[in-house]
Amino acid sequence: MPQKIFNTRTRKKEIFQPIREGEVGMYVCGITAYDVCHVGHARAAVVFDVVYRHLRSRGYKVTYVKNYTDIDDKIIDRANAEGTGFAEIAERYIRLHDEDMAALNVLPPTITPKATEHMADMISMISALEAKGIAYPVDGDVFFAVNHFPVYGGLSGRLLDDMLAGARVDVNDKKKNPLDFVLWKKSKKDEPFWESPWGQGRPGWHIECSAMSRRYLGDTFDIHGGGEDLVFPHHENEIAQTQAVTGKSPANYWMHNGFVKINAEKMSKSLGNVFPVREIVRQYHPEALRLFMLQSHYRSPVDYSDTSLTEARAALTRCYAALKLMKDARGAAIEAAATPLPARFSYIRKINELNDRFDAALDDDFNTAQALGCVFEAARMINNLLTAEKKMPVSEKQCVLETAFSIFEHFSDVLGVFQSDPDVFFDADREIEVKKRGLDEEKIAHLIAQRQAARADKDWSRADDIRKELDVMGVVLKDSPVGTTWSVE
RNA sequence: GGCGGCAUAGCCAAGUGGCUAAGGCAGCGGUCUGCAAAACCGUUAUUCUCCGGUUCAAAUCCGGAUGCCGCCUCCA
């Protein structure tokens, strides 16, 4: 089944046709390094991480470029507020971004260029636009003349006249057309600057992506991605800049991820509901956040809330429980191979089917929600095999398990979840919950020991009282032949 | 004002012309267990916001209504 991608430009799912057979060039707009990453950044990162992972698993050689905007008004503002330099601010937030991404199992892109390292590329692009009469300098600023670019608005489906009618554009006497946007910005006193043909200044926001995507991926590459808010004006402007220079559209497929809402409201600083990634991962296992996002289609909005993360945690726990069961069963002694029984092949066939459906779901515009459905079905099948299938000899089960393992490994590789050893996961998850709820582990251990003593005496009512006491704290006990373990509900 | 999106069970969420409308969470009944937990089995939408239309056939296409949301200014 061919790869399909929903292209924002045509608003249709299209069959993906790479420029070079077997290769993919992909550019995704990264962060402006002036603050820590929030859950919205996390979604964009996770979405395109899965795109990257899936295309690779399908055999494409993917060159994935994601930039850092390390010079910008907001960075300068923050530097001024802290009495430090812009470079220091950018460096700090890039470092924090990288930490957050690592926590979320987001693979590092192939190339992560910075705007400040591509001044020459940007300046030469602006010069080219000026030479073509599409860019015009005014007092040290340089603007892009949208009237000189006939297909302006082609991505977002807007007409220049309609946008002018909207009239919610900033008033700037220097611009010939209110929709013209800045390519180069004259630096004010005490602001960082770079030398240019138009004097000392810094680049406008949009030009860096045009320059860097072209530098690493060429005039036209395969996929350009970002959050849906970037469709207009950022990506519209990128197209205008690049295409005005090269005569070619920069990217063939434009992908945009939907927004994260917070308790059904838009996330914004004024509402005070911006959730930083590093805060969330103190409350929930990072894979719970990832799973939460992957349970919806990437173009739909998702609603972040305690409830939704708690549900994602439960779903994640379910998968890890299956993985743990598999791991423990695998550890059991393998008997001498018997003659294969039909049941073995029936299970293996079903597992392989789920694997195919998983891949097919991702082929269809990266439908992670559907793919996860296959993962859960596989988990249930394995649980069933291991706990309810009485007739099958252990050696037969082992054969099925080996297939199941390799398939879960595939699920894990592509979705970037279930990457821990189950025991490590349960420890990490419990630790998070213990901290979050302020539980006293020593006290819990003490109560469990008391209950064990009561159980040894067959004092069931005392044992049950202790269970209830722990239950009130959110502590759930699990008795097994080898002892009692506990988790937080 | 302009452009666009969404509406599926108690909740979250796939499915975009035709098999029994995935999956997760929650609930209920059962198996297992000293009791539990986990797991498994069964169960929970004759129906996809409403009204019309196209079709042999629609949650899925078309028109309309209602409701919610996003972008048009920095924004993932």
Side-chain angles (χ1 to χ4, degrees), chain A residues 8 11 13 28-32 34-35 37-48 72-74 77 153 156-159 161-170 179 205 225-234 236 256-261 264-269 274 291-292 295-297 299-303 305 307-308 310-319 321-322 324-325 357 361 364 367-377 379-389 455 458-461 463-464 467-468 471 475-480 484-487 489:
Chain A
T8 304
R11 295 206 171 79
K13 255 189 225 176
V28 173
C29 293
I31 56 151
T32 298
Y34 77 105
D35 205 347
C37 291
H38 57 243
V39 59
H41 295 114
R43 186 179 192 198
V46 167
V47 162
F48 289 102
D72 163 274
D73 289 358
K74 290 191 291 294
D77 288 348
S156 54
R158 294 152 206 262
L159 268 35
D161 290 347
D162 288 346
M163 285 190 268
L164 285 172
R168 279 181 68 184
V169 284
D170 64 337
L179 289 166
W205 174 39
E228 66 178 359
D229 55 319
L230 298 181
V231 175
F232 188 90
H234 184 57
E236 199 69 74
H256 294 95
N257 66 274
F259 259 40
V260 178
K261 293 189 296 176
E265 281 182 317
K266 182 184 158 123
M267 177 171 60
S268 74
K269 296 212 166 169
V274 175
L291 194 73
F292 158 67
Q295 274 184 306
S296 298
H297 187 91
R299 282 186 278 118
S300 307
V302 295
D303 195 358
S305 65
T307 311
S308 55
T310 299
E311 284 184 9
R313 174 181 172 240
L316 183 66
T317 302
R318 178 176 166 75
C319 290
K324 165 122 178 89
L325 200 62
R357 277 168 51 202
D364 188 7
N367 193 335
T368 54
Q370 201 168 65
L372 274 169
C374 299
V375 174
F376 287 112
E377 283 187 50
R380 193 193 305 119
M381 187 191 295
I382 298 303
N383 283 333
N384 187 241
L385 170 80
L386 263 19
T387 64
E389 178 68 79
R455 290 181 74 214
K458 298 215 188 298
D459 183 354
W460 304 126
S461 82
D464 289 351
R467 179 192 283 289
K468 271 181 210 145
D471 187 62
V475 173
V476 181
L477 300 180
K478 183 183 173 188
D479 296 326
S480 81
T484 297
T485 56
W486 63 279
S487 58
E489 70 177 357

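In this structure, CG in A:Leu316 is found 5.5 Å from CG in A:Leu291, a value given to the nearest 0.5 Å. Taken to the nearest 0.5 Å, the NZ atom of A:Lys468 stands 13.0 Å off from the CG atom of A:Leu477. The structure places OH of A:Tyr34 at 10.0 Å from CG of A:Asp77, a figure rounded to the nearest 0.5 Å. For the atom pair CZ of A:Phe292 and CZ of A:Arg43, the computed distance is 7.5 Å after rounding to the nearest 0.5 Å.
With sequence neighbours left out, A:Lys324 forms a salt bridge (Lys or Arg N to Asp or Glu O under 4.0 Å) with A:Asp328, A:Asp423. Evaluation of the salt bridge (Lys or Arg N to Asp or Glu O under 4.0 Å) rule for A:Glu228 yields no partner, not counting sequence neighbours. Among residues two or more places apart in sequence or in another chain, the side-chain contact (heavy atoms from CB on, under 4.5 Å) test is passed with A:Ser300 by A:His297. Residues satisfying the salt bridge (Lys or Arg N to Asp or Glu O under 4.0 Å) criterion with A:Arg357, sequence neighbours excluded, are A:Glu377. Taking the side-chain contact (heavy atoms from CB on, under 4.5 Å) definition, one finds that A:Thr387 meets it with A:Leu325, sequence neighbours left out. In this view, A:Asp364 and A:Lys13 satisfy the salt bridge (Lys or Arg N to Asp or Glu O under 4.0 Å) rule, not counting sequence neighbours. With sequence neighbours left out, A:Val375 forms a side-chain contact (heavy atoms from CB on, under 4.5 Å) with A:Cys319, A:Phe358, A:Leu372, A:Phe408, A:Phe411, A:Leu415, A:Phe418. Residues meeting the ring pair (Phe, Tyr, Trp, His ring centres under 6.0 Å) test with A:His234, sequence neighbours left out: A:Trp205, A:His206.
Here the side chain of A:Lys74 is nearest to one of B:rC74, B:rA76, B:rA22, namely B:rC74.
Although no hydrogens or angles enter the test, the distance criterion places no donor-acceptor pair under 3.5 Å between the side chain of A:Asn367 and the main chain of A:Ala361. The backbone N or O of A:Asp303 sits less than 3.5 Å from a side-chain atom of A:Ser308, completing a donor-acceptor pair.
Counting any heavy atom pair closer than 4.0 Å across all strands shown, A:Ser268 reaches no nucleic acid atom. When heavy atoms are screened at a 4.0 angstrom cut-off, A:Gly258 is found touching base atoms of the nucleic acid. Using a 4.0 Å heavy-atom distance criterion, A:His256 is classed as making no nucleic acid contact. Heavy atoms of A:Ser156 sit under 4.0 angstrom from primed sugar atoms or phosphate atoms, though from no base atom. Within the 4.0 angstrom heavy-atom criterion, only backbone atoms of the sugar-phosphate kind lie near A:Ser296; the bases stay farther away. Residue A:Val260 is classed as a base contact, given a heavy-atom separation below 4.0 Å to a base. Residue A:Asn257 is in base contact, counting any heavy-atom pair closer than 4.0 Å across all strands shown. Residue contacts for A:Met381: at a heavy-atom cut-off of 4.0 Å it reaches no nucleic acid atom on any strand shown. Nucleic acid contact for A:Gly227: sugar-phosphate only, since backbone atoms but no base atoms lie under 4.0 Å from a heavy atom of the residue.
Taking atom NZ of A:Lys324 as the reference point, atom P of B:rA39 lies 14 Å away to the nearest angstrom. Atom-to-atom, CZ of A:Arg313 to P of B:rA38 comes out at 12 Å; the value is rounded to the nearest Å. Atom C1' of nucleotide B:rG4 and atom CZ of A:Arg299 are separated by 13 Å, given to the nearest angstrom. When rounded to the nearest whole Å, the span between NE2 of A:His297 and P of B:rC12 equals 19 Å. Distance, A:Leu230 CG to B:rA76 C1': 6 Å, rounded to whole Å. Nucleotide B:rC74 holds its C1' atom 11 Å from the NE2 atom of A:His41, rounded to whole Å. As rounded to whole Å, 17 Å separates atom P of B:rC6 from atom CG of A:Asp303. In this structure, A:Asp35 places its CG atom 18 Å from P of B:rC74, rounding to the nearest Å.
Close to B:rC40, at under 4.0 Å from its OP1 or OP2, lies no side-chain N or O of A:Asn384. The side chain of A:Ser300 contributes no N or O atom lying less than 4.0 Å from OP1 or OP2 of B:rA7. When the side-chain nitrogen and oxygen atoms of A:Asn367 are compared with OP1 and OP2 of B:rG15, one or more of them lie within a distance under 4.0 Å.
For the pair A:Ile31 and A:Cys37, the tightest heavy-atom approach, listed with the atom from each and the gap, is CG2-SG, 4.2 Å. Across all their heavy atoms, A:Lys261 and A:Pro301 have their closest contact at CE-CB, 4.4 Å.
Distance check on atom P: B:rA9 versus B:rC48 gives 10 Å, rounded to whole Å. For the P atom pair drawn from B:rC50 and B:rC41, the interatomic distance equals 33 Å after rounding to whole Å. Rounded to a whole angstrom, the distance from the C1' atom of B:rA13 to that of B:rG23 is 8 Å. When the P atom is compared between B:rU16 and B:rG42, the two are found 26 Å apart, to the nearest whole Å. A gap of 25 Å separates the P atoms of B:rC40 and B:rG15, to the nearest Å. When the C1' atom is used for both B:rG18 and B:rC11, the distance is 31 Å, rounded to whole Å. Annotation: B:rU49 and B:rA7 have their P atoms spaced 8 Å apart (nearest Å). Taking atom C1' on both B:rC6 and B:rA59, the two are 14 Å apart, rounded to the nearest angstrom.
Nearest-nucleotide positions on RNA chain B for A:Thr307 and A:Ala369 put A:Thr307 closer to the 5' end.
Put simply, the side chain of A:Arg158 does not reach to within 4.5 Å of the side chain of A:Leu179, judged on heavy atoms.
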Inset, instruction - Could you encode protein contacts along nucleotides 24-37 of chain B as a string, one character per nucleotide from 5' to 3', using B for base contact, S for sugar-phosphate-only contact and - for no contact, with a heavy-atom cut-off of under 4.0 Å? - result: BS--------BBBB

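Looking at RNA chain B, the stems built from 3 or more consecutive Watson-Crick or G-U wobble pairs, each pair with its key distances under 3.5 Å, are B:1-7 with B:66-72, B:10-12 with B:23-25, B:27-31 with B:39-43, B:49-53 with B:61-65.
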Which atoms of nucleotides 58-60 of chain B (N or O only) lie under 3.5 Å from a protein N or O atom, and what are those distances?
none

Give each protein N/O atom lying under 3.5 Å from an N/O atom of nucleotides 69-71 of chain B, with the pair distance.
{"from": "B:rC71", "atom 1": "OP1", "to": "A:Lys266", "atom 2": "NZ", "distance (Å)": "2.2"}
{"from": "B:rC71", "atom 1": "O2'", "to": "A:Arg158", "atom 2": "NH2", "distance (Å)": "3.2"}

